[in-house]
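Everything on this sheet refers to the single structure shown next.
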Amino acid sequence: MIRIEPRANRSRAMDLGIPVLSAVIALAFAAIPLLAAGANPITAYGEMVKGVFGSVFAVSEMLTRATPLIFTGLAAALAFRAKLWNIGAEGQLYLGAMAAVAVGAGWLDLPGLLLVPLIVILGASAGAAGMAVPTYLKSRFGADEVVTTLLLNFIILIFLQMMLEGPLKDPMGLGWPQSAPILDQGMLPPLMERMRVHSGLILALVLAGVAQFMLARSVWGFRLRAVGENAAAARHAGINVKRSLFGVAIISGGLAGLAGVSEVAGLKGYLTADLSPGFGYTGIVVAMLAGLSPVGVVIAALFIASVFVGADSMSRAMGVSSFLADLVVSMSLLCVLVGGFIARYRIIRSGTGRAAS
Amino acid sequence: MMDLLNILMSESFWAASLRIATPLIFGVLGALICERAGVLNLGIEGIFVVGAMCGWMAVWLGAGLWGGVLVAALAGAFFGLLHAILTVPLGLSQHVSGLGITLFATSVSYFTYRTALPNVSSPPRIEPFQPLDLPILSDLPFLGPVLFQQTALTWLAIAMVGLVWYVLNRTALGVAIQAVGDNPDSVDAQGLSVYGLRIGAIVAGSALMALGGAFLTMSAFDAFFFGMVNGRGWVCIALVIFASWRPGKALLGALLFGAFDALQVRLQTEMGALVPGQVFLMAPYILSIIALVIAARSADYPRALLQPWFKGQR
Amino acid sequence: MTDRTVLRLNGLSKRFGPVVANDDVSLSLARGEVLALLGENGAGKTTLMNMLFGHYLPDAGTVEVADEAGQLAPLPLGHPQAALAAGVGMVHQHFTLAENLNALDNITLGAEPLRAIRRDRRGARTRIEAIMAHSGLKAPLNVPVGRLSVGERQRVEILKALYRDARILVLDEPTAVLTPQEADTLFASIKAMTAEGLSVIFISHKLREVLAFSDRIAVLRHGRKVGEMATSAADEAAIARMMVGADTPRIARSAMAPGAPVLHLQGVSVAGRSQRDSLKQANLTVHAHEILGVAGISGNGQSALANVISGLAVPAAGHIRVDGSEIPRPSPARMVRAGVGRIPEDRHHEGIVGAMSVAENMVIERLDDTQVQSRGLLRREAIAAHADELARAYDVRGPGVTAPARLLSGGNIQKLILARVFERAPRLILANQPTRGLDMGAAAEVGRRLLEARERGAGIVLISEDLDEILGLADRVVVIRDGQIVETGSHDRERIGLMMAGEAA
Amino acid sequence: AEKVKVAAIYTLPVEQQWISRIHKALNTAADRGDIVYAFSENVANTDYERVMREYAEQGVQLIVGEVFGLERAARKVAKDYPDTAFLMGSSFGPVAPNFSVFDNWIHEPSYLTGMVAGAATESNVIGMVGGYAIPEVNRLMHAFMDGARSVNPDVRFIVNFIDSWYDPPKAKESAFAMMDAGADVMYAERFGVSDAAVERGVKAVGNVIDTSGDYPGTIVASALWHMEATIDKAIANVAGGSFEAADYGQYSFMAYGGGSLVLDESLVAPETVAAVRAKEAEILDGLFRVNVNDDRPVSDN
Ligand SMILES: Nc1ncnc2c1ncn2[C@@H]1O[C@H](COP(=O)(O)OP(=O)(O)OP(=O)(O)O)[C@@H](O)[C@H]1O
Ligand SMILES: Nc1ncnc2c1ncn2[C@@H]1O[C@H](COP(=O)(O)OP(=O)(O)OP(=O)(O)O)[C@@H](O)[C@H]1O
Ligand SMILES: [Mg+2]
Ligand SMILES: [Mg+2]
C-alpha cells in the first residue's frame with residue numbers, strides 16, 4: 001500500500017532542485033527515441049543546449065517562442081484562479097490577431113504612436129469578447145465553459161478562414177488566404193537588430209508583473225481569489241460573483257487576444273490561419289506548470305520554449321525526425337509535473353499494516 | 001428547402017451520419033466512463049491518434065484486422081494508465097495531465113511512424129474492414145444501406161453503447177463507478193478501492209477512445225496520415241456533457257453531430273455558390289453549443305469530477 | 001467481562017505532521033454495550049475511530065475484534081474492507097453517500113462482488129426491507145440520496161452498516177444534524193438492537209443524549225484518554241470538567257425589554273427548488289434587545305428564511321424592512337451594508353474561504369472599507385494588525401492569522417465568523433445553526449456572544465434544530481413549518497415540539 | 001565533384017502530395033550522389049524563419065522549401081545570407097542575388113485531364129474535393145474545369161473544400177455526398193476521394209502524384225508534377241557557382257518535363273485520347289496557352 005502525505009518541511013534546495021532534476025530525467029528519457037532513431041544521445045544533448053543558448057540568435061529565438069506562451073499562460077492562469085476553465089485561448093488569440101490586422105493593415109493610417117496602442121487595445125478587446133460569450137452562456141444558462149470555449153476554438157478558426165478569403169483577404173496576396181500586412185508604423189518594434197524578438201515580450205513581462213501584483217495586493221485580486229477558492233462563501237460575503245467572473249473572463253480573453261496581437265503585429269506582419277501552432281493549448285500547460293502564478297508563468301513559458309527550440313534544433317543537427325521536438329516537450333512536461341508533485345508530497349510505502357499479535 | 005428534404009430522406013445521408021458518428025461513439029463512451037469515475041481525460045485527442053496509428057500499423061505488420069483492434073485498444077489503455085497514474089494516486093491536475101498525454105501520445109505516434117517509415121511518399125495501405133454484406137438485412141429498403149452495410153466496427157460501437165449502459169446501470173461495478181465519481185468517500189467507506197475503480201475506469205475508457213482512432217485508419221480509411229484525427233477527440237469531450245453522462249444520449253449526440261456533418265457536406269455541394277463554405281463547416285460546432293445550452297439546465301455533473309482524492313486525508 | 005469483550009484498541013497513536021491526534025489510546029467494548037466517546041473539538045475522537053475502521057493507519061498500536069465465536073483476533077489495519085469483514089461498521093461524521101445513487105445502491109455498494117455480471121436487486125431490497133422493519137430505521141430506497149433529508153440520509157448510513165452485518169457500530173456525531181425527535185427515535189432503535197448483541201461506540205457533543213443512552217463514557221483530551229466511567233455514575237458537570245480540564249461557566253441570561261423593530265418581514269414568499277426551501281407568506285418581526293428563536297424540523301423552510309435575511313434569496317413577494325427602511329432588491333452586499341450580521345449554517349462551505357488566510361477571511365465582508373483598501377489596493381499591514389486584534393479579542397486559536405483558514409478547527413472557524421460579524425456591531429444578527437457540531441466550550445462561547453450582542457441592542461434571529469439551545473437563549477420562540485412561521489407565545493418544550501410536528505396550533 | 005549540401009524545409013509532413021514531389025526529386029538527387037540532403041518537415045510557419053537561419057548558419061548551400069506563409073520574412077533571411085542559395089515555392093517573384101522561386105505550374109496537364117473527365121462523364125456532373133482554397137489548388141481546378149468544358153459544354157461541377165490537408169475520412173465523405181448528388185467523375189485533389197470512387201465504382205482523376213497503381217480501373221487520368229527538372233537545374237547551378245535569383249516556375253511546365261499527363265487508355269475512348277494528345281502537342285508547341293485563374297472555384301447551380 002502506498003500513502004501520500006504533504007511534506008512537512010519543504011526545503012528551498014528541493015523547491016529549486018526538483019524541477020531541474022525532473023528536466024534532467026526528461027532528457028534521459030529522450031535518449032530512448034534518440035537511440036531508436038540511431039542517434040548518439042550525448043552528442044544530441046550538446047546540440048540541444050547549443051540550439052537554445054549557443055548564440056544570441058538562439059536565445060532570441062527562444063524568447064520569441066516564449067512570448068505568446070506568456071500571454072496565453074497568463075490568460076489561463078488568471079481564469080483558472082477563478083475556476084473559470086478557459087480552454088479557448090487558441091480561439092481568442094485569433095480574434096485578437098483578426099482585430100489587429102483589421103485596424104492595422106491600412107484601414108487607419110495613423111502615426112505609430114496612436115496606431116500601436118489602438119491595435120493592442122482592439123486586439124485585447126476582441127479576445128475579451130471571445131471569452132465574454134462563453135462566460136455569459138455559463139452564467140445565464142449554466143453551459144459548461146470547458147466545452148463552449150473548446151468548441152469556439154473550432155468555430156473561430158473556421159470563421160478566420162472565411163475572413164481570410166473574404167473581407168480580410170489581402171488584395172495583393174495573389175489569392176492566398178491571408179490578410180494584408182500591418183502598416184510598418186503599426187508593428188511592435190523589434191528589440192534587437194536582425195532578430196525576431198520584439199517588444200511584445202516586454203509587454204508580456206510587464207503584464208505578468210502587473211498580474212502578480214494585482215492578484216496579491218488588490219481588492220480585485222482578493223475578490224478573484226475568493227470566488228475561485230469558494231464561490232459560495234464569496235457570494236455569501238457580498239462579493240458579486242458573476243461580476244468577478246466576467247471581469248476575469250474579459251482579462252483572460254484580453255490576454256489571449258494580446259498573444260494574437262503580439263504574434264501578428266510583432267512577428268509575422270500579416271495573418272494566416274496557421275499563425276499559432278497551438279499556443280492557446282500550450283498556455284494551459286504553462287499556467288498549470290506555474291502553479292497558476294503569473295511570475296511562474298514567465299518561468300514556465302521560458303522553460304517550454306527552451307525545450308522546444310533546443311530539441312527542434314537538435315533534431316536537425318542529429319538528422320532525426322523533427323517530430324522529436326514535440327516528443328521531448330511532452331516528456332519534459334510530464335516529468336516536471338511528477339517532479340512538482342514529489343516536491344510537495346512524500347510517497348510512503350508502508351506494509352499492509354498487519355497487526356503484530 | 002426541397003433539397004434539404006431530399007437529403008434528409010436519402011438513405012445515403014443516414015448511412016453517412018452513422019459512419020461519421022462511429023469514431024465519436026467510441027470516443028464519447030470512453031470519455032463518459034472516465035468522467036463517471038470522476039476524471040476528465042483531455043488525453044482523448046492524442047489517444048485517438050495512438051489508436052489510429054497502432055491499429056493500422058499492427059495490421060500492416062500482419063496482425064490481422066481484429067489483431068489491430070486489440071493492439072489499438074491496448075495502446076489506448078497504456079496511455080490511459082499513464083493518465084490514471086498521474087491523476088489518481090498522484091492527484092495531479094487533470095487538465096494538464098490530459099493535455100500532456102495528448103501531446104505525448106501524438107508525438108510518440110508521429111515520431112514512431114516517421115522513424116519506422118522514413119521514406120514513404122504515399123502511406124502504405126492495408127485491407128480495411130469491409131461493409132458487412134448481410135444476406136437479407138442488407139437488402140432491406142432504407143434500413144439495409146443505413147444499418148446493415150456498415151462495417152463491423154460500427155456495430156461494435158453500437159454494441160458498446162449497450163454494454164456500457166448495462167455495466168453502468170445494472171452491475172455492481174457500474175454502481176461503484178458512479179459512486180466514485182460522485183463521492184469517493186462513499187466507496188472508500190464501503191471497503192472498495194477508490195484508486196482501483198478510477199484507474200480501471202480510465203484505462204477502460206481510454207481503450208475505447210483508441211478504438212475511435214482505429215476506426216479512422218481501419219474502417220473509414222485504410223492508411224495513417226498525420227493530423228487525420230483533426231479534432232474529433234475534442235468533439236467527444238463536448239458531446240459527453242451534451243449526453244449528461246448517459247450512454248443512450250451519448251449515442252444520440254454522436255449521431256446528431258454525425259448528421260450535422262453529413263448534412264454540412266451535402267449542403268455545401270448544393271449551395272456552395274451562395275454561402276461561404278465555412279458557414280457549413282461551422283454548423284456542427286455551433287449546433288453543438290446550442291444543444292449544450294439547451295441541455296445544460298439538466299446537466300448533472302459527477303460531483304467529484306476534477307477533484308483528486310487521497311486516502312487518509314481530509 | 002473479558003469473555004464478552006468484542007473490541008479492544010491497544011495503545012493507538014497517530015500524528016498528522018506536528019499534530020498528535022491520538023496518543024497511546026486504549027479502549028475496550030463489551031457485547032451489547034453503548035460506549036460514548038467524548039471530547040472537545042479536535043480531541044481526536046474521529047481519528048481514533050478512523051483507525052479502527054481502517055481509513056487511517058496508526059503510527060503505533062493494534063486493534064482486536066471478536067470473531068463470530070467471540071474469540072478476539074487481531075484486525076489488519078489500514079483496510080476498511082477488513083474492518084467491514086470483521087463486523088465493524090462506521091457511520092461517519094460527514095456523510096459518505098453517493099448522492100446520484102439511490103439508497104439501495106448506496107447500501108449494497110461494496111457488498112456485491114464487482115465481477116458479477118448481474119445484481120440481485122430484488123434480493124437486496126427484500127433484505128434491506130427486513131432490516132428496516134427490524135431496526136425501525138426507514139428510508140426511501142428508490143430516490144437518489146441527494147434528494148433525501150439529512151435525517152433520512154443518516155438512517156441510510158446506519159442501514160449501510162447493518163446491511164454488512166455490523167456487530168460493532170461506530171456512530172460519529174450521528175445526531176448533529178437531527179431534530180430531538182429524530183435523535184430520540186434513532187437512539188430508541190439502537191437501544192433495541194443492542195439488546196440483541198450489537199455493540200455501539202458513539203461520539204456526541206450533546207450531553208443530554210450521552211447521559212440518556214450510553215452505558216459507559218470515555219473522554220479524550222488532546223489525543224489522550226483522560227477518563228472512563230459508567231454513565232450511571234456521571235453527571236454533566238463532571239463530564240465537562242473532564243473534557244475541558246476545568247469548569248465551564250454557566251450562561252446567565254437577564255430579562256430585557258425589547259426595543260424598536262430591527263427586522264420586519266411582511267408576506268415574504270420564496271419559491272425554492274423544492275417544497276423544503278420555500279417560504280410562504282411569512283411574517284416576522286424582531287426587536288432590538290431580543291433573541292428570536294426559530295424552531296422547526298429540518299427542511300421546513302429554515303434555509304429559505306436564512307437566505308432571505310442574508311440576501312442570498314430574492315423574495316418573489318413581500319417586503320423586507322431592516323431597521324425601519326425597506327430593502328428593495330436584497331443581495332448579500334446590501335444586507336451587509338444595512339447592518340445585518342450573518343452567521344451561516346454551513347461554516348465550511350459558506351462561512352470561510354478555506355484557502356485564504358484567517359486575516360483575509362476577517363475582512364472579506366468589508367472590502368470597500370477604507371481601513372481595508374485604498375484606491376483598490378489592499379492595506380496589508382492594517383489588515384494584519386486588525387486580524388491580530390480580532391483574533392485576540394475573540395480567542396481565535398490556530399496557526400496564526402496569515403495561515404489558511406482551513407487549518408482552523410471547527411470551533412475556531414466559528415469564532416472567526418463571530419469576530420467578523422460582531423466586530424461591526426450589527427443591528428440585526430442572523431445566527432443559523434450557530435453551535436452545530438461545536439463542543440461545549442465553543443458552544444457556550446457562541447451563546448455568550450449572542451447574549452452580549454442582545455445586551456448591546458441587537459436583534460437576533462436564532463435558527464436552530466437544537467430545541468435546548470433555543471429554549472436556553474431565546475426571548476421569544478416561533479416555529480417554522482412547511483414554509484410558514486407561527487408564533488408560539490411560550491417556552492413550553494412539549495407544546496413547541498408538537499407545533500414543530502404540526503399537531504397543535 | 002564535391003556534393004552540394006541541400007536542406008529542405010516543409011510546413012507539412014512529406015506525405016503531402018505537393019511536398020512529396022520535391023522530396024522525391026531531392027531524394028533522387030541524393031541517391032545519384034549529387035547532393036547531401038537533410039530536411040525538416042511539419043515546421044510551423046512561426047518556426048520557419050528560425051529553421052531557415054539554422055540551416056544557413058550550418059553552411060547549407062541550397063535551401064529548398066515553401067514560403068507562401070512568410071514571403072517577406074523569407075526574403076529578409078535570404079538577404080542576410082547572400083552566399084546561400086534559396087529555392088522556394090512562392091507566389092511572388094525572385095529577389096537578387098540568391099532568392100529563386102518555383103511553383104507547381106501543372107495547369108497544362110490539369111487542363112488535359114479535364115478534357116478526359118468531360119468526355120467521361122455521363123451524368124454531366126463532376127465532383128471536386130479540395131483541401132483549402134489556395135491559389136495552388138484553385139488554379140489547377142480551374143484549368144481542369146476549362147478542359148472539361150472545352151469538350152462538354154453541358155458539364156456541371158460541384159466543389160467542396162474540407163479545410164484540412166489530412167483528413168481522408170472526411171474527404172471520402174465529401175466525395176460520397178457528391179456522388180449522391182450525381183457526380184460520376186471525381187477530381188481527386190485529396191487522399192480519400194479515389195477511395196470513395198472505387199467503392200462506388202465511378203471514375204477519378206488524379207492530381208500531382210500518380211495513384212493509378214493504387215486504384216486500378218478507377219483513375220482515368222492524372223496530371224503529374226515532376227520537380228526533378230527544377231531541382232536538378234538548381235543543383236547544377238549551385239554546383240557550378242552560377243545560381244542566380246530566377247523564376248524556376250517554367251520548369252514545371254510540360255515543355256520542360258515538369259508536368260505531364262498520364263492516362264489509362266483502357267478506360268478512355270480512343271477519340272478522346274486522340275483529342276487529348278492533339279491538345280498536348282499544341283501545348284508543347286506553344287500553340288495553346290492554358291488560362292490561369294487563382295480564384296476560389298464554386299459549384300455550378
Ligand atoms: N436492476 C434493475 N432491475 C429492474 N429494473 C431496474 C433495475 N435498475 C433500474 N431499473 C429500472 O429500469 C429503468 C431504467 O433505469 P435507469 O434509471 O437506471 O436508466 P437510465 O439512467 O434512464 O438510463 P441511461 O443511463 O441509459 O440514460 C427505470 O425504470 C428503473 O427503475
Ligand atoms: N487527515 C488529517 N490531516 C491532518 N490533520 C488531521 C487529519 N485528521 C485529523 N487531523 C487533526 O487531528 C486532530 C484530531 O482531529 P479529530 O477529527 O480526530 O477530532 P475530533 O475529536 O473528532 O473533533 P470534532 O469534535 O471537531 O469532530 C485535529 O487537530 C485535526 O485537525
Ligand atoms: Mg442512469
Ligand atoms: Mg470528529
Side-chain angles (χ1 to χ4, degrees), chain A residues 1-6 33 36-38 76 80 85 87 133-134 137-138 140-144 146-148 150-156 158-163 165-166 278 281-282 284-285 287-289 320-331 333-334 337-338 340-342 345 347, chain B residues 40 42 46 82 85-86 89-93 95-97 99-116 118 195 226 231 234-235 237-242 276-282 284-286 288-289 292-299 301 306 310-313:
Chain A
M1 193 171 108
I2 61 156
R3 276 185 307 144
I4 286 163
E5 275 186 14
F80 285 16
W85 305 109
I87 314 289
V133 171
L137 294 181
K138 176 193 171 80
R140 179 75 179 73
F141 301 104
D144 183 71
V146 172
V147 180
T148 49
L150 192 59
L151 290 179
L152 271 173
N153 287 343
F154 295 100
I155 296 172
I156 292 170
I158 298 170
F159 176 72
L160 168 71
Q161 278 152 7
M162 193 162 111
M163 290 295 108
E165 286 180 19
Y281 300 104
T282 315
I284 295 167
V285 169
M288 299 299 298
L289 274 185
V320 299
S321 159
S322 37
F323 291 110
L324 182 68
D326 278 335
L327 186 53
V328 176
V329 170
S330 64
M331 289 196 292
L333 165 68
L334 295 176
L337 258 181
V338 175
F341 174 83
I342 292 171
Y345 296 94
I347 301 176
Chain B
L40 176 70
L42 291 183
L82 198 56
I85 291 172
L86 294 177
L90 299 191
L92 295 170
S93 154
H95 284 109
V96 181
S97 171
L99 290 172
I101 295 288
T102 283
L103 188 59
F104 184 51
T106 307
S107 51
V108 164
S109 305
Y110 288 2
F111 186 81
T112 308
Y113 179 88
R114 177 53 83 236
T115 308
Y195 294 165
F226 297 94
W234 302 134
V235 168
I237 293 292
L239 287 177
V240 179
I241 297 179
F242 170 80
Q278 285 91 356
V279 171
F280 300 108
L281 290 171
M282 266 187 231
Y285 300 104
I286 292 178
S288 294
I289 289 185
L292 176 66
V293 165
I294 293 166
R297 292 172 199 282
S298 58
Y301 269 79
L306 296 178
F310 296 115
K311 187 163 177 60
Q313 232 160 280

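Hydrogens, waters and symmetry mates are skipped; everything else that's a heavy atom, side chains included, is used. Letters go in sequence order (proteins before strands), and every chain restarts at 1.
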First locate atom [atom1] of [X], then atom [atom2] of [Y], and finally report the distance between them rounded to the nearest 0.5 Å.
{"X": "B/Leu292", "Y": "A/Leu151", "atom1": "CG", "atom2": "CG", "answer": "7.5 Å"}
{"X": "B/Ile289", "Y": "A/Phe154", "atom1": "CD1", "atom2": "CZ", "answer": "11.0 Å"}
{"X": "A/Tyr281", "Y": "B/Leu103", "atom1": "OH", "atom2": "CG", "answer": "13.0 Å"}
{"X": "B/Tyr285", "Y": "A/Ile158", "atom1": "OH", "atom2": "CD1", "answer": "5.5 Å"}
{"X": "A/Ile87", "Y": "B/Leu99", "atom1": "CD1", "atom2": "CG", "answer": "6.5 Å"}
{"X": "B/Leu42", "Y": "A/Leu150", "atom1": "CG", "atom2": "CG", "answer": "7.5 Å"}

Region of [X] that comes under 4.5 Å of a non-hydrogen atom in chain B:
{"X": "A/Leu324", "value": "both"}
{"X": "A/Ile155", "value": "both"}
{"X": "A/Leu333", "value": "side chain"}

If I compare all heavy atoms of [X] with all of [Y], which pair ends up nearest, and what's the gap?
{"X": "B/Val96", "Y": "A/Leu337", "value": "CG1-CD1, 3.7 Å"}
{"X": "A/Met162", "Y": "B/Met282", "value": "SD-CE, 4.2 Å"}
{"X": "B/Ala238", "Y": "A/Val147", "value": "CB-CG1, 3.1 Å"}
{"X": "B/Gly100", "Y": "A/Ser330", "value": "O-CB, 4.2 Å"}

Fill in: Contact leader toward chain B among A/Ile284, A/Leu327, A/Val285, A/Thr282, where contacts are heavy-atom pairs under 4.5 Å
A/Leu327

So for [X], is it side chain, backbone, both, or neither that comes closer than 4.5 Å to the heavy atoms of chain A?
{"X": "B/Val240", "value": "neither"}
{"X": "B/Leu90", "value": "both"}
{"X": "B/Leu306", "value": "side chain"}
{"X": "B/Phe242", "value": "neither"}
{"X": "B/Leu92", "value": "side chain"}

Fill in: Ring-ring centroid check B/Tyr113 A/Phe323, cutoff 6.0 Å
no

Fill in: Derivation of the side-chain contact (heavy atoms from CB on, under 4.5 Å) call for B/Phe104 and A/Met331
CA-CA 7 Å; B/Phe104 184 51; A/Met331 289 196 292; 3.4 Å; yes

Practice prompt. Might you confirm whether atom CZ of A/Phe159 has over 12 heavy atoms from other residues, nucleotides or ligands at distances under 6.0 Å?
Written response: no

Practice prompt. Kindly indicate whether the side chain of A/Asp326, heavy atoms from C-beta on, has any atom under 4.5 Å from the side chain of B/Thr106.
Written response: no

